[in-house]
Amino acid sequence: RTLINGGTDGGTGSVSYYLDGGTNMTNLRNTGNVAPNPEAIREFKVTTNSYNAEYGRFASGVINVITKSGTNEFHGSAYEFVRNDAFNANEYGSILARAPYKRNQFGGSVGGPIIKDRTFFFFTYSGLRQQQSRFLSGATIPTALERIGDFSATTNKPKDPLTGTNLATGTVFSCNGVTGVICPNRLDPVALKIIKDFIPVSNSTNPNGSPGWQGNVPLPTNTDEFLVKIDHQLNEPHRLSFSYFTTAGSQTFFPGSGTVAWATQDFKWRQHNANLSDVW
């Protein structure tokens, strides 16, 4: 997303995106799609006014990306960018082992002649493997006894709604003469299922002395992209080009600002761009 000429929402419906002359925008939100990695880019152009006729779709600006082509000589490249947790400090207040962080961004390109002076190819690949996490703490977790309805050891015991609609004056739960205990036949199986599956067992103590929990929620990101381009020079002023770009990936997010790992959001996507051009 790109803010140009006062765009207010990062580009939705205000900036046009092109890849090798073809539109490169999402159908759903009218924002820019993923562009190829920098090793594949020959030209990156931003136009903010006085557009040519083919770029008159939106008023704020035009982002135009042109990919490389092969030449009469073979050329290639390879790269990898690495980040890890070797020098990372642990999260503030964490009693857990330092969470892993690994990011490997790698790829390469190769291009050259198929028929000298006539037909050329270019290919590039890029991948990302990222392992990171979200540190969570500060939750107040039920004790092992509270998880099965036994609040006899707590100061604030739950009130029994059957003793009155006003919970401030109602009496506390009691089971077989033991105050603060909810009888098993009154425990909601749905609530027990939620506690079992989504509320972790306490592994720490909060500053106020209540049982707490700390944890690291894995949030991996993995992507792969490929670009292939074929150019054929019919004669000096006449050139045919075909390019195909595809990228796919998956990513996990932790929604909101909760203090327990109650849910994640998992995204998967795939994008295809195919362009055929005849320049004369």
Side-chain angles (χ1 to χ4, degrees), residues 82-105 127-163 165 167-168 170-223 248-269:
V82 178
R83 293 177 61 187
N84 56 46
D85 53 19
F87 297 101
N88 286 2
N90 205 348
E91 295 283 352
Y92 177 77
S94 175
I95 63 172
L96 307 173
R98 184 174 57 190
Y101 179 85
K102 301 182 187 300
R103 178 183 172 92
N104 296 80
Q105 192 170 10
L128 172 66
R129 303 293 182 267
Q130 179 171 283
Q131 180 183 357
Q132 62 180 352
S133 59
R134 170 86 172 268
F135 175 65
L136 301 179
S137 67
T140 299
I141 299 297
T143 65
L145 290 175
E146 291 171 349
R147 295 171 75 94
I148 60 173
D150 187 344
F151 295 86
S152 59
T154 63
T155 302
N156 297 318
K157 296 178 174 55
K159 301 295 182 65
D160 187 345
L162 295 182
T163 63
T165 56
L167 295 183
T171 59
V172 300
F173 278 97
S174 179
C175 183
N176 297 325
V178 181
T179 302
V181 178
I182 305 173
C183 287
N185 64 338
R186 296 194 61 189
L187 294 173
D188 186 345
V190 176
L192 291 176
K193 177 70 172 174
I194 292 173
I195 291 174
K196 177 183 176 182
D197 292 349
F198 298 105
I199 307 299
V201 177
S202 174
N203 63 2
S204 64
T205 301
N206 291 323
N208 61 4
S210 63
W213 179 82
Q214 292 186 357
N216 294 299
V217 182
L219 303 175
T221 301
N222 298 294
T223 65
S250 62
Q251 190 169 21
T252 300
F253 289 95
F254 179 77
S257 57
T259 52
V260 295
W262 57 275
T264 58
Q265 295 176 334
D266 300 305
F267 295 87
K268 292 185 178 181
W269 68 88

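Residue indices begin at 1 and follow the sequence shown.
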Residues in side chain to side chain contact (heavy atoms under 4.5 Å, CB included) contact with [X], at least two apart in sequence or another chain:
X    : answer
R129 : F106, Y125, N222, D224
T252 : L219, P220, T264, D266
P255 : W262, Q265

Does [X], at its [atom1] atom, have more than 12 non-hydrogen atoms belonging to other residues, nucleotides or ligands within less than 6.0 Å?
X    : atom1 : value
F267 : CZ    : yes
N208 : CG    : yes
N176 : CG    : no
R98  : CZ    : yes

Taking the side chain as every heavy atom from C-beta outward, state whether S137 and W213 have any atom pair closer than 4.5 Å.
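The answer is no; the side chains never approach within 4.5 Å.
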
In Å and rounded to the nearest 0.5 Å, what is the [atom1] to [atom2] distance from [X] to [Y]?
X    : Y    : atom1 : atom2 : result
W269 : S250 : CH2   : OG    : 6.5 Å
Q130 : Q105 : CD    : CD    : 9.0 Å
F173 : K157 : CZ    : NZ    : 13.5 Å
Q132 : D85  : CD    : CG    : 12.0 Å
N216 : R134 : CG    : CZ    : 11.0 Å

Grab the two heavy atoms, one from [X] and one from [Y], that are nearest each other, plus how far apart they are.
X    : Y    : result
A99  : S133 : CB-OG, 3.2 Å
C183 : S174 : SG-O, 4.3 Å
F254 : A263 : CD1-O, 3.3 Å
N84  : V82  : ND2-CG1, 4.2 Å

Verdict with supporting geometry, R103 and L128, side chain to side chain contact (heavy atoms under 4.5 Å, CB included)
CA-CA 7 Å; R103 178 183 172 92; L128 172 66; 3.8 Å; yes

Report, one line per pair, each donor and acceptor closer than 3.5 Å where one atom sits in a side chain of residues 142-153; sequence neighbours left out.
| residue | atom | partner | partner atom | Å |
| --- | --- | --- | --- | --- |
| T143 | OG1 | E146 | N | 3.1 |
| E146 | OE1 | T143 | N | 3.0 |
| R147 | NH1 | I199 | O | 3.1 |
| R147 | NH1 | P200 | O | 3.2 |
| R147 | NH2 | I195 | O | 3.1 |
| R147 | NH2 | I199 | O | 3.0 |
| D150 | OD1 | S152 | N | 3.0 |
| D150 | OD1 | S152 | OG | 2.6 |

Residue pairs fulfilling side-chain hydrogen bond (donor to acceptor under 3.5 Å, both in side chains) with at least one residue in residues 198-207, sequence neighbours excluded:
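side-chain hydrogen bond (donor to acceptor under 3.5 Å, both in side chains) check on residues 198-207 returns N206-S210.
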
Which salt bridge (charged side-chain N to carboxylate O under 4.0 Å, His left out) pairs, counting each pair once, include a residue from residues 176-203, with sequence neighbours left out?
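Output for this query lists D160-R186, K193-D197.
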
Quick check on side chain to side chain contact (heavy atoms under 4.5 Å, CB included): which of T259, L96, L136 does Q214 satisfy it with?
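It is L96; the other options fail the test.
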
